[in-house]
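All ligand and atom numbering here is 1-based and tracks the order in the structure.
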Amino acid sequence: MKAVAVYPADEKFAVIDHPEPALTDPKDVKLRMLDIGICGTDKEIVSFEYGTPPKGSPYLIIGHESLGQVVEIGPQVTRLRVGDLAVPTVRRPCEVPSCIACRADRQDFCYSGEFTERGINQRHGYMTEFVVEQERYLNPVPPSVRDVAVLVEPLTIAEKGIAQLKQIQQRLPWREQGSRALVLGGGPVGLLGAMKLVLEGCDTTVYSRTPAASNLEKLVSSFGAKFVHAETASVADLAGQVGNIDVVYEAVGASSLAFEVMPYLGTNGVFIFTGVPGRKGPVTIDADTIMRDAVLKNQVIFGTVNASTESFADAISDIGSSLGKWPDALRSLITRRWPLEQAAEPLAGKSGGIKNVIAVAS
Ligand code: BGC
């Protein structure tokens, strides 16, 4: 079968022929892959900055945002049937007995760092025709969200982040209204995070550059958030417009912007990092103000990566809600679908748009 693979040692990537996987365990499920989303992590992997092939393999099949359809099930599979749609999770637990997070099925909080990730770290991914996976790593998806279900995995980042935000905000039991939220970045993670914050009743503002030919302001307004153009409004202007910022949801991966915004985080505010910046060298930050405010304003600053099965279930439910409320806005996050043979073009990052998707089958 065809697969998109990267060879880190040789610094090349190609559409290759890879053996079609077969069921080997009674709880295995075989999926025909339908859609695979491309994100910044994939672009880094094909630039050889990130990503590790499975032990003994010279290549890694990429792809971790996906949707598949069940074509075969093992005799002990109970939740999925042939024909069902499913989104697989990404991270698999480490084998370190003392890693209590992995032992509790919460490999998204792995302590040992020896977790693996499909399509990223020591496990082949989903940008291929067929995949075999254990049932417990598959999340059933209703057919009504078929065309946008590839957005479930990037939405899980917001689901996990906002679940933690809610835990933190339990310390403020007198709050009656949704938070005032600021989203940094108008890419897929930022826009899906903004939609989730709006669903949660937050007064949400997205701060982003607007690439030529895109109409992010119109898109963002159509799902009930505000938009501030980073080209024309400074961070100080932005903060003046938003008021006391209860939540910052960072989705740009640029440390300089994140730390420029941090001094404007409000009293009792929460700053959520989701971006993974490249190592571009030190940036100057106002460390005294940041530390002083963190203490004197009871602020919480945290980072979040990957997601649990619960966050996948929440994302599938919220994709359904968003599709019901804002069908055009949600669908417009998917800019274009490409055949697998042409994966190189969107992976090179030059095709533009919001989310590019490889459509392996329909
Ligand atoms: C993926 C996560 C993964 C992270 C780090 C992200 O692009 O969505 O599942 O944990 O990269 O590898």
Side-chain angles (χ1 to χ4, degrees), residues 4 6 8 35-54 60-68 86-94 99 101-102 105-127 131 133 136-139 149-164 185 187-193 196 249-254 272-279 302-316 318-319 333-334 343 346-347 349 354-358:
V4 178
V6 61
D35 282 344
I36 296 96
I38 293 176
C39 77
T41 303
D42 300 305
K43 292 175 192 164
E44 280 188 9
I45 296 172
V46 300
S47 314
F48 322 109
E49 290 165 32
Y50 196 58
T52 310
L60 169 75
I61 299 175
I62 65 166
H64 59 277
E65 300 180 358
S66 73
L67 171 70
V87 171
T89 60
V90 177
R91 198 175 274 196
R92 301 291 171 265
C94 72
C99 180
C102 286
D105 294 328
R106 287 302 302 264
Q107 48 270 22
D108 56 316
F109 282 107
C110 176
Y111 286 94
S112 71
E114 291 181 27
F115 60 83
T116 54
E117 288 181 332
R118 291 205 66 156
I120 303 175
N121 182 11
Q122 298 175 69
R123 276 181 197 268
H124 287 313
Y126 307 131
M127 208 177 280
V131 159
E133 187 49 275
R136 65 188 172 125
Y137 296 126
L138 297 174
N139 304 283
V150 71
L151 299 172
V152 163
E153 198 278 344
L155 178 59
T156 62
I157 298 170
E159 298 291 349
K160 179 178 170 183
I162 290 161
Q164 292 170 88
V189 175
L191 294 171
L192 288 165
K196 171 65 183 166
Y249 184 78
E250 178 281 323
V252 273
I272 309 173
F273 278 114
T274 76
V276 184
R279 293 194 199 96
F302 74 90
T304 185
V305 68
N306 203 259
S308 64
T309 300
E310 196 181 353
S311 292
F312 274 78
D314 292 343
I316 291 163
D318 282 338
I319 280 278
L333 300 190
I334 299 179
L347 281 165
I354 302 174
K355 175 64 72 186
N356 283 284
V357 169
I358 303 301

Sub-3.5 Å pairs, protein N or O with ligand 1 N or O:
from: ligand 1; atom 1: 7 (O); to: Thr41; atom 2: OG1; distance (Å): 2.6
from: ligand 1; atom 1: 7 (O); to: His64; atom 2: NE2; distance (Å): 3.3
from: ligand 1; atom 1: 8 (O); to: Glu153; atom 2: OE1; distance (Å): 3.4
from: ligand 1; atom 1: 8 (O); to: Glu153; atom 2: OE2; distance (Å): 2.8
from: ligand 1; atom 1: 9 (O); to: Glu153; atom 2: OE2; distance (Å): 3.2
from: ligand 1; atom 1: 9 (O); to: Asn306; atom 2: ND2; distance (Å): 2.9
from: ligand 1; atom 1: 10 (O); to: Glu117; atom 2: OE2; distance (Å): 2.5
from: ligand 1; atom 1: 10 (O); to: Asn306; atom 2: ND2; distance (Å): 3.0
from: ligand 1; atom 1: 12 (O); to: Tyr50; atom 2: OH; distance (Å): 2.8
from: ligand 1; atom 1: 12 (O); to: Glu117; atom 2: OE1; distance (Å): 2.6

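- Between the side chain of Tyr249 and the backbone N or O of Ala158 there is at least one donor-acceptor pair closer than 3.5 Å.
- Within 6.0 Å of CZ on Phe302 lie more than 12 heavy atoms contributed by other residues, nucleotides or ligands.
- Checking side-chain atoms of Lys160 against main-chain N and O of Ser308 turns up no donor-acceptor pair under 3.5 Å.
- In this structure a side-chain-to-backbone donor-acceptor pair under 3.5 Å is missing from Glu117 to Gly119.
- Using a 4.0 Å cut-off between charged side-chain N and carboxylate O, Glu133 and Arg92 make a salt bridge.
- Side-chain contact between Pro53 and Pro8: present, with at least one pair of heavy atoms (C-beta onward) separated by less than 4.5 Å.
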